Amino acid sequence: MSDLAAPVRYQDRSTGLILVGILAICLALLCLLVLVFTGITAVSAKALAPQVDSRSLAASGLFYLALAVFFGTMGIGTLRGRRWARTLMLVTSWIWLITGVFSTVVLIFILPKMTAGLTGAGGAGADAATGAVVMGCVSIVLGLFYLVLPGGLLLFYRGPNVRATFEAKDPNVPWTDRVPSPVLALTLMLAFGAVSSLTATAYGVLPVFNTLLKGTPAVLAFLAIGVICALLAWGTYHQRPAAWWTMLVLWLLGCINSAVFLKTGGPSLRDMYVAMGTPPTQMEQIDRLGIYDLFTNPLILSLMVVLWLGWLGFLIWVKRFFPGKGGAYSPLRGCEGIADQGLSS
């Protein structure tokens, strides 16, 4: 009997890599198109300062620029068959899909109010079906980008033949595969939190329990949050137990902060928008769309509790990957070796 291992047989998915890579690059171009549109709107807003919040437009522009860079990089990495591209897209698709499901559920609750608000914005003679048609189109687009697209990418990248194709094209173990995928997901979310905190400094408002920090104190607090998120991202990637305990404590503080801030419902959120300098026109739109009513709706509040408990359950489950000096993760097993590692631990 030969001691040589038999070669692994798989169906080559190089064509799929090319198609999905092109799709990711198209998404990057779409984000750049939105960025250009946002820039044009921001320039035009100089003449419409009372009606348009240029800070929110700037934040949106930075967000779409980051998305364009991400999808462009992932597209090129997929075309070249790099394993880090598959792992990052696999983890990101999970986060994207879970976020999309939560957003879709929230949209179901606010859709009737938004439809009525759009119809009312047209005046007394507006067709009642206009708002329904507009919101129907918006729902289809959001369903495509929040559910169908991430779900399709998830199914593609997690396929065994796709995985084997990536590994054949790139036999080296990248940094993304040196930790379990839940740890990588936490690292990416913390890194995103660090960048988001820097972006939030433009608004200069931060709710802290019963107080709204404004101006310089809020900016300093956001900078501190950004630094903490960056340090936690480093500690999480290296699977340091101290990072996990810090995340747990900060999560508990965040839940308490949110509960205290939202105990009065819409008025707290309204006060925050006013402190952010939101133009009156946008305040009227928020009123019309019923955004404030979300925080007095028992179903929405129950959904938030479920989300908090789900995040707590995830943190408790992922604790197994923070063993300290006594444990290690084998990069040769890749992100699919998580289940086996969990069973053996």
Side-chain angles (χ1 to χ4, degrees), residues 16-46 52-104 106-107 134-135 137-158 162 166 174 176 184-185 187-203 222 226 229-230 233 282 285:
L17 266 60
I18 294 174
L19 295 177
V20 174
I22 293 175
L23 174 62
I25 293 175
C26 289
L27 290 175
L29 295 176
L30 179 61
C31 292
L32 289 177
L33 182 62
V34 175
L35 176 62
V36 172
F37 176 78
T38 303
I40 294 175
T41 303
V43 172
S44 303
K46 293 182 178 180
V52 179
D53 187 358
S54 58
R55 292 178 301 179
S56 62
L57 291 175
S60 298
L62 291 175
F63 175 73
Y64 284 107
L65 177 60
L67 284 182
V69 173
F70 174 78
F71 282 119
T73 304
M74 295 302 103
I76 295 174
T78 300
L79 287 173
R80 299 182 61 187
R82 296 294 183 260
R83 288 173 62 175
W84 53 261
R86 174 186 173 269
T87 304
L88 286 176
M89 283 299 292
L90 190 60
V91 171
T92 303
S93 297
W94 270 116
I95 300 173
W96 186 0
L97 182 60
I98 294 173
T99 304
V101 171
F102 177 77
S103 302
T104 301
V106 173
L107 180 63
V134 173
M135 291 312 304
C137 295
V138 171
S139 300
I140 292 175
V141 174
L142 292 179
L144 175 64
F145 279 93
Y146 277 131
L147 300 176
V148 177
L149 190 54
L153 291 174
L154 180 62
L155 290 176
F156 173 78
Y157 281 103
R158 73 188 301 267
V162 171
F166 271 99
T176 55
L184 181 62
T187 302
L188 295 178
M189 286 187 284
L190 288 167
F192 178 77
V195 176
S196 299
S197 297
L198 296 179
T199 304
T201 57
Y203 295 99
F222 276 123
C229 286
Q282 292 188 20
Q285 293 175 351

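Remember, predicted model here, so these are calculated numbers, not experimental data.
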Spatial distance of atom CG (L147) from atom CG (L142) [nearest 0.5 Å]: 9.0 Å
Heavy-atom donor-acceptor pair, T201 side chain to S197 backbone, under 3.5 Å: no
Nearest-0.5 Å distance, CG of residue L155 to CG of residue L97: 9.0 Å
Steps toward side chain to side chain contact (heavy atoms under 4.5 Å, CB included) verdict (F145, L30): CA-CA 12 Å; F145 279 93; L30 179 61; 3.7 Å; yes
Side-chain heavy-atom pair L23, F156 within 4.5 angstrom cut-off: no
Distance in Å, F222 CZ paired with S196 OG, rounded so as to fall on 0.5 Å steps: 10.0 Å
Other residues, nucleotides, ligands: >12 heavy atoms within 6.0 Å of W84 CH2: yes
Intermediate values then yes/no, side chain to side chain contact (heavy atoms under 4.5 Å, CB included), L144 and I140: CA-CA 6 Å; L144 175 64; I140 292 175; 5.6 Å; no
For the student: nearest non-hydrogen atoms of L153 and W96, plus distance: CD1-CZ3, 3.7 Å
Point-to-point distance, once rounded to the nearest 0.5 Å, from OG of S93 to CZ of R86: 11.0 Å
Atom of A194, atom of G226 and distance for their closest heavy-atom approach: CB-O, 3.5 Å
Acceptor/donor pairs from residues 61-82 side chains to any protein atom, 3.5 angstrom cut, sequence neighbours excluded:
unit_1	atom_1	unit_2	atom_2	d
T73	OG1	V69	O	2.7
T78	OG1	M74	O	2.8
T78	OG1	Y157	OH	2.8
R82	NH1	R80	O	3.0

Distance in Å, S103 OG paired with I98 CD1, rounded so as to fall on 0.5 Å steps: 11.5 Å
A191 to A233 - nearest heavy-atom pair and separation: N-CB, 4.1 Å
Atom pair CG/CG of L32 and L27 - distance to nearest 0.5 Å: 11.0 Å
Least distance between heavy atoms, R83 atom then T176 atom: O-OG1, 4.4 Å
